Protein chains: 2
Amino acid sequence: MIGVFDSGIGGLTVLKALAEHFPQENFLYLGDTARLPYGTKSPETIRKYSEQVMNYLADQQVKALVIACNTASSQVIETHWQKLPVYTVIEPGAQKALRETKNGRIGVLGTRTTIQSAAYPLSLEKTATAEGRTVETFSQACPLFVPLAEEGLVDDPITNLIAFRYLQPVLQQGVDTLILGCTHYPLLKKSLQRVCGNQVTLVDSGTALCERLEKDFQNGVLKKEVGAEAERKIKALSTDLSPHMKSWALEILNPLQIHEFHSIDLV
Amino acid sequence: MIGVFDSGIGGLTVLKALAEHFPQENFLYLGDTARLPYGTKSPETIRKYSEQVMNYLADQQVKALVIACNTASSQVIETHWQKLPVYTVIEPGAQKALRETKNGRIGVLGTRTTIQSAAYPLSLEKTATAEGRTVETFSQACPLFVPLAEEGLVDDPITNLIAFRYLQPVLQQGVDTLILGCTHYPLLKKSLQRVCGNQVTLVDSGTALCERLEKDFQNGVLKKEVGAEAERKIKALSTDLSPHMKSWALEILNPLQIHEFHSIDLV
């Protein structure tokens, strides 16, 4: 069973990508919905919440911890937690963006805390240097994207307008690749691609993480489940479960099913 | 010292109204910023958080508890907590709206949880019946208003557009009074008044609460402070304090000063 952690339900975009890519793996998702959003909070608070969630998932006997939340990823530097391998979204996203870009100009969109952490530019710089390449990054905090996605305004004139305002300064820098540095942003992909035009490649965390985990399955760091696809289970937990949140969660994951979905108390 | 509680910094609009109206009173404000927003969470979670905050404020020897947060107010029915008088914003807001309306048609704007609780329509109905009047209410959840206010987009074309979408159905019902049922909404007053036109009266919680407390000061339920105005203190606590939040908080309260501002751990 692979543990997937997000501040809310946006991380289900990552869970969906993983569950489709690894159809035999069991997943345990935990959305810290009672305390979302993380992206506007201080590094100390995000770190504290992340540790609580990682400890909880470790207690559930998961074999790996996936931190789907970009904001939490930006505050967790450990590669292991309670001896479990930890996968954050930053490094895989940065590596994928570097494979995609042709002109070495990469835009990074994220929450205010993710952008302030500079986690993506640092990771891009590090990887590019190791490969003997150069890269220029242009970051933009997009704090209204999360509530727009949470409200389901995923393809709406209002979203287009806000996307235009956020993206314009980054696009003017001539980027050809844009990292969607928040699990919610893939939900707004239609709007974002419309504003960017098709010449800009959008990189989302889910796809990048699949490639990263695939590598560790192949080199034996992670053990594959061997059961039948029909028997694999996806369980979801959240620290708060309002009816709006539940129906939105099921919609994001569709056509995949959640076999169990209930709320828990973390503190 | 009067304790004022909100899920975040929006409640500072209420604190400001109270502090200006009662210039000799000391205030202790607590914003549960680590867990905001409350408005999208379930009633059980909001109730639990509210109890934790009320217990904390009671321990600080406040003489009264003001629940500035509409969402929290909708889940607290007690008139006393640990023997302290509790003031929520629902009843004062409803009573003020009934005094303002001429045609008995009142609109209520709020978070999803506040609107689903039907706290305002029930309170309006109860007060109107007691006065031998009739009232018709039209409610509208406005979930994007909080992030717009938190982002400081208080007078912006984007806010006008979103306000127009939320308010149109309510205005079409011919309301002449609109309850701003969330502490953040007074920050968007310019946009809202522009969309409503001047014939619609906007009722905010702060002003309504001042009238309510004034009554209890006059009838002796609350004891007045007798010190000099120059000596009164306003302290603010928050469960998370990011730089963005702090500067935005000071801006809301301006020209009033916060004498102490630090973060605390509630759990």
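Quantities reported herein were computed from a predicted structural model and do not represent experimental measurements. First the proteins, then the strands, lettered A, B, ... as listed; each starts at 1.
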Would B:Arg165 and A:Asp156 pass as an ion pair if we require N to O under 4.0 Å? yes
For chain A, which of B:Asp32, B:Leu153, B:Ile162, B:Thr113 has the most heavy-atom pairs under 4.5 Å? B:Ile162
How about [range] versus chain B: which residues have heavy atoms under 4.5 Å apart?
range                       : answer
residues 250-265 of chain A : A:Asp265
residues 140-148 of chain A : A:Pro143, A:Leu144, A:Pro147, A:Leu148
residues 43-55 of chain A   : A:Thr45, A:Lys48, A:Tyr49

For B:Lys189, give me all partners under side-chain hydrogen bond (donor to acceptor under 3.5 Å, both in side chains), at least two apart in sequence or on another chain. B:Asp204
Write down the atom of B:Asp240, the atom of A:Ser42, and the distance for their closest heavy-atom approach. OD1-OG, 2.5 Å
For A:Arg35 and B:Arg35, which heavy atoms make the closest approach, and how far apart are they? CG-CG, 4.3 Å
Less than 4.5 Å to any heavy atom of chain B: does that hold for the side chain of A:Thr239, its backbone, both, or neither? backbone
To the nearest 0.5 Å, what is the distance between CZ (A:Arg112) and CE (B:Met245)? 9.0 Å
